[in-house]
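Here is the structure we will look at, set down as structure tokens.
Every heavy atom of this structure was used, including side-chain atoms; hydrogens, water molecules and symmetry mates were not.
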2 protein chains.
Amino acid sequence: MRDNGLSRREREKLRHRNEMLKVALELFSEKGYHNVSMHEVAGRAEFAIGTLYKFFKNKEDLYRSLMLTLAESYHQLLVEALNSDGGVLIRLKNYVDAKAKVFTDNVSMVRLYFAETRGASFNIKAGLDSELREVYENSLQLLASTFETGIREGVFRKMDPYYLAVALDGLTNAFLFCWLEDPEGHSYEKNAPVILDGFLHGVLSQ
Amino acid sequence: MRDNGLSRREREKLRHRNEMLKVALELFSEKGYHNVSMHEVAGRAEFAIGTLYKFFKNKEDLYRSLMLTLAESYHQLLVEALNSDGGVLIRLKNYVDAKAKVFTDNVSMVRLYFAETRGASFNIKAGLDSELREVYENSLQLLASTFETGIREGVFRKMDPYYLAVALDGLTNAFLFCWLEDPEGHSYEKNAPVILDGFLHGVLSQ
DNA sequence: ATAAATTGTGACGAAGGGTTCATTAAATGG
DNA sequence: CCATTTAATGAACCCTTCGTCACAATTTAT
């Protein structure tokens, strides 16, 4: 019973669990939730099927655990960006960049996130979705409150801050999709400043 | 062998086919592709399972037929909006409105379109997706060419027209998602002008 | 060293879904 | 009115997948 409260046994167990999650992420993001069997996950993780079921009570539980972990770490980075030092414009830039970083650093996570998140409410049982959606909604709310600050400071026009958040989120997502489909052709990192510029100044010439 | 080249027999057959497609749309959009069985479609359409297979050679074929039909009619409306009379700004407004109309008129189609389109490339066999994606890409290209015109005319700033299209598409999608999740709370029709305004003029106050 | 507890195993059962095909029913037209 | 073509049927087949459970291996405690 050493270390940070975890015995060697427990640490090993956690390693095994993480190994399974890692493999599950790989497979799910390669082939989608419904095209991956528990046997496949167990096989690739080099555990027996029963062992997998010792760790996750069923397939959905495995998927939920995976998605929540990912969504939370994803959310965490966005929170940090939005709470960073500097004015609202700098914080927004950090937000866009953080999103870029999360995406480019971890393509398979992103693929899975979008593939099953956008359509998930109709594909997968509702329980998961509400938890996930909550994390997502939190990000949006925090972004909205940043806009609210900006409006109070007179930086932004008086518009509904929540919708501003929706707009910026939608914009970044759109460009991230572009990048996902053709990473060479559409560099998100190159586009990020352009996105923000267009968003801030509009697209009209005058 | 009367009417527009179709015998009564053939018209009846077509009606049956459409009936099956209608039911398939209902079920798929309610529960997602993988959670609907062929037996279920046949049952709800009040045909025997074998009959369903007379019309569609397998489940994927059923799904493909459905999606292509929908995507094409959807695309058609956007094309009309973008080719309407008037300057680029009017055409853009028509585009945003047409999209709103398509969405609000036909919720289940939209649910299905997004649920399986965004993530589809990882969930469903590739063949379908490339056809669908082509329709989608055509819409984007047409929108881009509208922006190109606008840039030549000096209406818009000199930006990549394709990315402008991506941006506007992403923006409208984001707000449509909002509306999908909470139709009362987030009226797309009320937001449409705001979206376009923000897009054109930017969100900065000065 | 031995007993107890924990962790890992994988054959197996049960359920469900996609697809086929032999059969029945209906329509056509000579 | 009958022969032929066309449409509809649904039981049965096969395959895949989830999830269990009795047993084996390994670690920990005594």
Side-chain angles (χ1 to χ4, degrees), chain A residues 1-3 5-24 26-28 30-66 116 122-125 127-128, chain B residues 1-3 5-24 26-28 30-67 116 123-125 127-128:
Chain A
M1 308 98 184
R2 308 272 58 257
D3 219 85
L6 268 58
S7 66
R8 209 211 68 235
R9 212 92 190 285
E10 289 169 316
R11 268 178 284 134
E12 195 121 293
K13 204 175 164 184
L14 208 65
R15 263 200 26 248
H16 289 178
R17 194 189 133 99
N18 286 336
E19 185 61 28
M20 292 174 191
L21 283 174
K22 192 189 111 201
V23 167
E26 278 171 28
L27 285 172
F28 284 146
E30 266 170 36
K31 310 164 61 169
Y33 180 78
H34 291 284
N35 299 320
V36 173
S37 72
M38 291 298 266
H39 281 90
E40 207 175 347
V41 175
R44 183 118 133 205
E46 293 177 274
F47 287 98
I49 182 70
T51 312
L52 184 56
Y53 275 97
K54 281 271 158 59
F55 283 80
F56 306 96
K57 78 168 186 291
N58 55 37
K59 190 179 177 184
E60 202 190 316
D61 185 44
L62 168 61
Y63 184 75
R64 191 209 331 279
S65 305
L66 180 59
E116 307 282 355
F122 321 117
N123 290 337
I124 302 195
K125 287 229 187 72
L128 156 62
Chain B
M1 310 96 184
R2 308 274 57 256
D3 219 87
L6 267 60
S7 68
R8 210 210 68 233
R9 212 89 190 287
E10 289 169 316
R11 271 178 282 134
E12 195 121 293
K13 207 173 162 185
L14 208 66
R15 263 199 28 246
H16 290 178
R17 193 188 133 100
N18 285 336
E19 185 61 28
M20 292 174 190
L21 282 174
K22 192 188 111 202
V23 167
E26 277 171 28
L27 285 172
F28 283 145
E30 268 170 34
K31 311 163 62 170
Y33 181 80
H34 290 285
N35 298 320
V36 173
S37 72
M38 290 298 264
H39 289 272
E40 209 175 346
V41 175
R44 186 121 130 200
E46 293 176 276
F47 287 99
I49 182 71
T51 312
L52 185 55
Y53 274 92
K54 278 272 156 52
F55 283 81
F56 307 97
K57 77 170 188 292
N58 54 37
K59 189 180 179 184
E60 202 192 317
D61 185 45
L62 169 61
Y63 184 75
R64 187 205 338 277
S65 306
L66 182 59
M67 289 306 288
E116 307 283 354
N123 291 337
I124 302 195
K125 288 227 188 71
L128 156 62

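With contacts defined as side-chain heavy-atom distances shorter than 4.5 Å, the pair B/T51/B/H16 does not qualify. Contact annotation: the side chain of B/L21 approaches that of B/L62 to within less than 4.5 Å [non-hydrogen atoms, C-beta and beyond].
The interatomic distance linking A/E46 (CD) with C/dT9 (P) rounds to 10 Å, in whole Å. Here C/dT7 presents its P atom at 8 Å from CZ of A/F55, a figure rounded to the nearest Å. With rounding to whole Å, B/K13 atom NZ is found 8 Å from D/dA8 atom P. Spacing between atom CZ of B/R17 and atom C1' of D/dA7 amounts to 16 Å, rounded to whole angstrom units. To the nearest angstrom, C1' of D/dT26 lies 12 Å from NE2 of A/H16. The nearest whole Å value for the distance from the CG atom in B/L62 to the P atom in C/dT19 is 10 Å.
With sequence neighbours left out, A/E19 forms a side-chain hydrogen bond (donor to acceptor under 3.5 Å, both in side chains) with no residue at all. Checked against side-chain contact (heavy atoms from CB on, under 4.5 Å), A/E40 has the following partners two or more places apart in sequence or in another chain: A/L27, A/K31, A/V36, A/S37. Applying the side-chain contact (heavy atoms from CB on, under 4.5 Å) criterion to B/D61, with sequence neighbours excluded, gives B/F56, B/K57, B/N58, B/R64, B/S65. By the side-chain contact (heavy atoms from CB on, under 4.5 Å) test, B/K13 pairs with B/F55, sequence neighbours left out. Residues that satisfy the salt bridge (charged side-chain N to carboxylate O under 4.0 Å, His left out) test with B/R44, not counting sequence neighbours, are B/E26, B/E30. When the side-chain contact (heavy atoms from CB on, under 4.5 Å) test is applied to A/K54, no partner is found at least two apart in sequence or on another chain.
B/F56 comes within contact range of no nucleotide atom at all, as no heavy-atom separation falls under 4.0 Å.
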remark   = Per-nucleotide protein contact along nucleotides 10-24 of chain D, 5' to 3', at a 4.0 Å heavy-atom cut-off (B base, S sugar-phosphate only, - neither), is BB-----SBBB----
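Recorded end-axis angle for the helix from C/dA1-D/dT30 to C/dG30-D/dC1 stands at 0°, based on five pairs per end and rounded to 10 degrees.
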